[in-house]
Amino acid sequence: MDNDKLAAIRAKFGGDNESTIYDPTFKAVADKLFDPSGTRVAPYAGIPTFLDLPFRAVDWSDPDISDLDVALIGAPMDLGITNRNGCRFGPRAIRAIERVGPFNHVLECMPGSDLRAEDIGDVPFRSRFDLVKSHEDIEATITKLVAAGVVPLSIGGDHSISLPILKALGRDEPVGMIHIDAHCDTSGPFDGSRFHHGGPFRQAVLEGVLDPDRTIQIGIRGSSDYLWEFSKDTGMSVIHAEEISKLGCEKIAELAREKVGDGTVYLSFDIDSLDPAYAPGTGTPEIGGLTTREAQEILRALKGVNLIGGDVVEVAPQYDSTTNTAHAGAQMLFEILSLMVFSPSVATGI
């Protein structure tokens, strides 16, 4: 480097200009985060909330939430688990992650500022022991959000929570779905119950709230494939994990966009879609899954899909002493919230 170049660099970035950010996009982000003295709230300070969003205590007898675009809500319930339980602790673990966002450099958005989004706490469950009542409570709570024109982004809990959410969202018209998971979750009853976490999307189709012709399932693998004939038989597209390296993430996202079309879409992300190397803290880990980078690439390529809701489920933090699983869950939550910045339904209210 010659002296003239060094002098130019010093003139632009040194002295009184040390804190100057020239790129207008980056400057807009910094202006929202830093106060005039150049400091910002420490990521480890304050009361933990989903993605460090503002918290709102809701009176569920008369919820005043119509000013929100998106409500992030916990569903700490794992009564539908078939293997290792513990994802009832998922919402709390994801809230505790302190370094996700606020700027999405790929989608070039800052969802916490671009949207009116808040953490509104958890579903008010009547019983910690009754699965059917818990599903009723989830459906009733999400129905109130939908009535207020607020898009729900839910954090589980086990994957059975998706059924009552879809019943609330698809009450008037069945929705399409992009489902990223190790398992199709379209099996029949286990041990006399059809409401477990292995069958929510079978029940959602039978209830008439999920359109199988507009549903795609990505990352499927493992020894339970014999349980998923319902998916293909009803018209769902199933992309196995083994196909991902051959097709590529861009192509997979393209197939997803073609499948769901312009209609309303629900996005469900099970943390066990990720390989256990990245997310061991889950109830049914399956070797051979997505990397975190592949998951992000697929999600980010869905920009513009008409999302009316989403979830991140199955984070069971006690099986991962590193907190990597909760961190991955929080990051995927951030990616979904970022997509909602560009969703027509979020912009207009569902």
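Atoms considered below: every heavy atom in the structure, side chains included; atoms not considered: hydrogens, waters and symmetry mates.
Gln217 and His179 are linked by a side-chain donor-acceptor pair at a separation below 3.5 angstrom, with hydrogens and angles left out of the test. One side chain, Ser162 or Asp311, offers a donor N or O that lies under 3.5 Å from an acceptor on the other. Side-chain atoms of His159 and Ser268 include a donor-acceptor pair closer than 3.5 Å. Side-chain contact, Ser37 with Thr39: a donor N or O sits under 3.5 Å from an acceptor N or O. The closest side-chain donor-acceptor pair between His240 and Asp225 falls under 3.5 angstrom. There is no side-chain donor-acceptor pair under 3.5 Å between Ser273 and Asp181.
By the side chain to side chain donor-acceptor pair (under 3.5 Å) test, Asn104 pairs with Glu335, Ser338, sequence neighbours left out. Under the side chain to side chain donor-acceptor pair (under 3.5 Å) criterion, Arg99 pairs with no residue, sequence neighbours left out. Thr143 meets the side chain to side chain donor-acceptor pair (under 3.5 Å) test with Arg171; sequence neighbours excluded. Take Asp320 and apply the side chain to side chain donor-acceptor pair (under 3.5 Å) test, not counting sequence neighbours, and it matches Thr322, Thr325. With sequence neighbours left out, Phe129 forms a ring-ring contact (aromatic ring centres under 6.0 Å, His included) with no residue at all.
Atoms CG and CG, from Leu255 and Leu247 in turn, are 6.5 Å apart once rounded to the nearest 0.5 Å. To the nearest 0.5 Å, atoms CG (Leu115) and CG (Leu68) are separated by 10.5 Å.
Hydrophobic clustering keeps Met332 apart from Tyr319 (ILVMFWY residues linked when any side-chain heavy atoms are closer than 4.5 Å, directly or through intermediates). Residues Ile97 and Ile336 fall within the same hydrophobic cluster, defined by Ile, Leu, Val, Met, Phe, Trp and Tyr side chains chained together at heavy-atom separations under 4.5 Å.
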Distance-only check: which donor-acceptor pairs under 3.5 Å involve side-chain atoms of residues 198-207, not counting sequence neighbours?
from   : atom 1 : to     : atom 2 : distance (Å)
Arg202 : NH1    : Thr186 : O      : 3.1

